[in-house]
Amino acid sequence: MKRHSSREFSRIYQSKLSRFLGIALLCALIGAAASAHAQAAPQTPAILLGTAWYPEQWPESRWDADLALMQQAGIHMVRVGEFAWSRMEPSEGHYDLDWLDRAVAAAAKHGIVTVIGTPSAAPPAWLTQKYPETLRTMEDGRKDQHGNRQQFDFANAKYRELSRAMAEQLAKRFGHNPNVVGWQIDNEYANASYGAEDKAQFQQWLKQRYGTLDNLNTRWTTSYWSETYFDWNQVPIQTAYGNPGLLLSWMRFVSDTWRSYQKNQLEVIRANVDPKQFVTTNMMGWFDGYDHYTVAQDLDLASWDDYVGQGHLDPVRNGAAHDLTRGLKGKNFWVMETQPGGVNWADINNWLDKGEVRAMAWHDIGHGADTVSYWQWRSALNGQEQYHGTAVGPDGTPDPLYPEIAQIGREFEKASPVLAGTSVKSEVAILHSYDSRWAIQWQKHNKNYDPVKEIVSFYGPLRALSQSVDVVPPSASLEKYKLVVAPGLNVLTEADAKNLIQYVNNGGHLVLGQRSAMKDIDNGLWPDRQPGPLTELLGGRVEQYYALVDPAPIEGQWGAGESPMWAELLSAKDADVEVLMRYGKSNGWLDGQPAAITRKVGKGRITYIGAWLDPKTMDGAAKWMTEVSGVKAALGPVPTGVEVYPRYGAKGAVYILANFATAPAGVKLPSIMNDVLNGGAVQTITLPHYGVAVVSAEK
Ligand code: GAL
């Protein structure tokens, strides 16, 4: 069926041209400048608005119309290529990258720089047909097949050879193209493979880590259920309800395998590109299919795909995921994908409300993103994602959301000079570990126990009070923080325990949340009760933990409330340990017993909270934690529902504010500040629902 005549394209383009004559003029000027200085990259703002663009899905005659519409919306970056392998290498060893070169050049004419994705998430049919061993084996033993994406085996040598060769071709061709600013390797690493080759590599990995079978057997306590291994090749792959040491080792192997999978392409990219071009991969926030700290260490920049799915933006949960991503490299990051309105994969793919997409974009920037990029520009006419949100419709004309995207584009351009070089700084850190999240997931003990919800239950009120929180691993250097909170740090290695002890001894305040410090590096139980190696420092311990059917009442310094699903009975051994909260009448065991304790250690302090606190009690706890640690709100008090995001640079602080409450909110700033988006000076701001303000204190 004929879908688009060239007449149609030119009609659309001409109508756009006449409607946006001013923009066209600007394009012409930039175009002229680009041809005059063939090698000069487009000048882009510090804060970039971008979009995923798939030129291979459209006739080349249409490209310019799309790029003009992007330019008109203030879009300065396109991300291309990440699923285009069949177009880049239509048969083995025959590469065709001319079209991509033309696409990059066409974008540059519109003031748009390019990020190139290596296409290894979508191998061509000829490849998997010729080399069926490159297809991944699913957990049930079946082979994946062509027709979706991510069907490759991440450990397969042939696949690595072919994807490396493809990446090398791209790097050689575009590594010194001034219009290409960076590289994305693959797309959303996710699917592990469970075949014989993967298993053999896993067994080899175990041998390297544990050295001898005796060591492995001891550390995994394999005398349990006759699990003892006599040969490395007897160790199976297990992903649920296996030996906890085996389960954790498999996930560590998966993480290391994604790292080496990535390194395989990274090496040929780095060898061929200008070091100014960054290398990243787009991660997935709370996704726990691999340890992101392991994979991120080799990259220049962290980036993630920030989606809502059904419902509306949860600024707390998505905000914590931003901070987690920022913590991967300890610096600003990119939002490589976000939804232009709606998605196609949730139960109900509702559209975000009018104004919400803009608030979400500023939420991203506030948390330290320097780029927000939409997925995607325009739906392919066929393919799996026809219903996904876009900026322009299948007819190539703007969707109702387009003007809102254009507003964001204008605002990013306006705020860029003020935000350039700024980054996030926090007094509070939340410790986050994949080992701990996996360990709890495998043995929840209460089906309602969700380790991410546990983290977020602490993060929300702490962020509201301090207005900025870092999310970092337990191995991070902690000196700069006044308060370090570890919700559910279930697996605590000796080295990390030392780091935490040193932090407290140096005057920091460490708060451990429920289920902390129970397991060692092999996911075995510490022989001391919780908090294992921190027990002496705490001067108390967890005597017993209880999964609850009925909530247990709690009462004390943080008010009266209840623990809905989990209660740890604490004891205070040392005389200087203070009991902050106690359980009320419950199962008899808990009645009147300590639920939260704290101890001053020199200038530092350690606190243990054994109950899962209800939101109101958690508010009280967060207030106490920040007060006792000397943590202050970055900007000062604001009405409930208004979020503040400070970013700091050489010229001082810039504050982004967004109102997620349904009623309009009035904010009184502590001093008169510059209104970055509207111009002039302000001290009182009224923010409507989803309203945004950017203010700077710079003189
Ligand atoms: C992402 C993926 C994109 C697109 C998008 C749809 O997970 O990276 O390619 O599929 O989801 O929401």
Side-chain angles (χ1 to χ4, degrees), residues 50-58 77-88 114-123 144 147-152 154 182-192 258 261-262 265 280-290 292 295 299 301-314 318 321-322 324-325 333-352 356-357 360-361 364 369 371-394 399 401 405:
T51 183
W53 178 47
Y54 299 97
E56 70 275 19
Q57 293 169 7
W58 301 99
M77 188 279 291
V78 284
R79 171 177 157 255
V80 302
E82 84 274 16
F83 301 116
W85 197 340
S86 60
R87 184 74 190 271
M88 294 173 178
T114 299
V115 170
I116 296 183
T118 68
S120 48
D144 213 335
N148 276 312
R149 54 183 170 179
Q150 301 178 319
Q151 65 269 38
F152 60 89
F154 68 160
W183 296 83
Q184 174 193 303
I185 296 182
D186 207 88
N187 187 77
E188 295 188 341
Y189 309 141
N191 291 340
W258 279 123
Y261 172 84
Q262 174 177 274
Q265 296 187 38
T280 189
T281 192
N282 52 335
M283 297 177 163
M284 287 187 277
W286 291 110
F287 175 71
D288 68 353
Y290 61 89
H292 291 44
V295 170
L299 298 170
L301 177 84
S303 64
W304 81 291
D305 299 342
D306 178 22
Y307 286 98
V308 171
Q310 181 175 331
H312 295 277
L313 175 69
D314 178 344
N318 285 47
H322 280 311
L324 189 167
T325 308
F333 60 96
W334 277 29
V335 169
M336 197 56 100
E337 292 183 13
T338 189
Q339 64 190 68
V343 299
N344 68 316
W345 43 258
D347 285 343
I348 300 176
N349 297 304
N350 65 284
W351 205 261
L352 297 182
E356 193 174 356
V357 168
M360 191 167 166
D364 301 349
T371 293
V372 175
S373 181
Y374 288 101
W375 198 94
Q376 63 165 324
W377 175 248
R378 179 179 176 184
S379 300
L381 296 182
N382 219 319
Q384 279 85 328
E385 295 173 296
Q386 291 164 310
Y387 279 65
H388 202 282
T390 52
V392 298
D399 284 330
L401 177 69
I405 293 181

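Each ligand, and each atom within it, is numbered from 1 in the order the structure gives.
Among protein heavy atoms, the minimum distance from atom 6 (C) of ligand 1 is reached at H388 NE2, 3.1 Å. With hydrogens left out, the protein atom closest to atom 7 (O) of ligand 1 is E188 OE1, 2.5 Å, a heavy atom. Nearest protein neighbour of atom 3 (C) of ligand 1, counting heavy atoms only, is E337 OE1, 3.3 Å. Counting protein heavy atoms only, atom 9 (O) of ligand 1 is closest to R149 NH1, 2.8 Å. Here the heavy atom of the protein found nearest to atom 5 (C) of ligand 1 is Y307 OH, 3.4 Å. Considering only non-hydrogen protein atoms, atom 10 (O) of ligand 1 sits nearest to E385 OE2, 2.3 Å.
Nearest heavy atoms, W258 versus N191: CZ2-O, 3.5 Å. The heavy-atom pair separating N350 from G311 by the smallest distance is OD1-N, 2.6 Å.
The closest side-chain donor-acceptor pair between Q150 and Y189, if any, does not fall under 3.5 angstrom.
Scanning for ring pair (Phe, Tyr, Trp, His ring centres under 6.0 Å) contacts around F152 gives Y159, Y261, with sequence neighbours left out. Residues meeting the salt bridge (charged side-chain N to carboxylate O under 4.0 Å, His left out) test with D305, sequence neighbours left out: none.
At distances below 3.5 Å, at least one donor-acceptor pair connects side-chain atoms of T338 with backbone N or O atoms of D306.
The D305 neighbourhood of ligand 1 comprises atoms 8 (O), with distances under 4.0 Å to a heavy atom of that residue. In the vicinity of F83, heavy-atom distances shorter than 4.0 Å reach the ligand 1 atoms 9 (O).
Contact annotation: for M284 versus ligand 1, there are no heavy atoms closer than 4.0 Å. Neither the backbone nor the side chain of E82 comes within 4.0 Å of ligand 1, counting heavy atoms alone.
Taking a 4.0 Å cut-off on heavy atoms, Q376 fails to register as neighbouring ligand 1.
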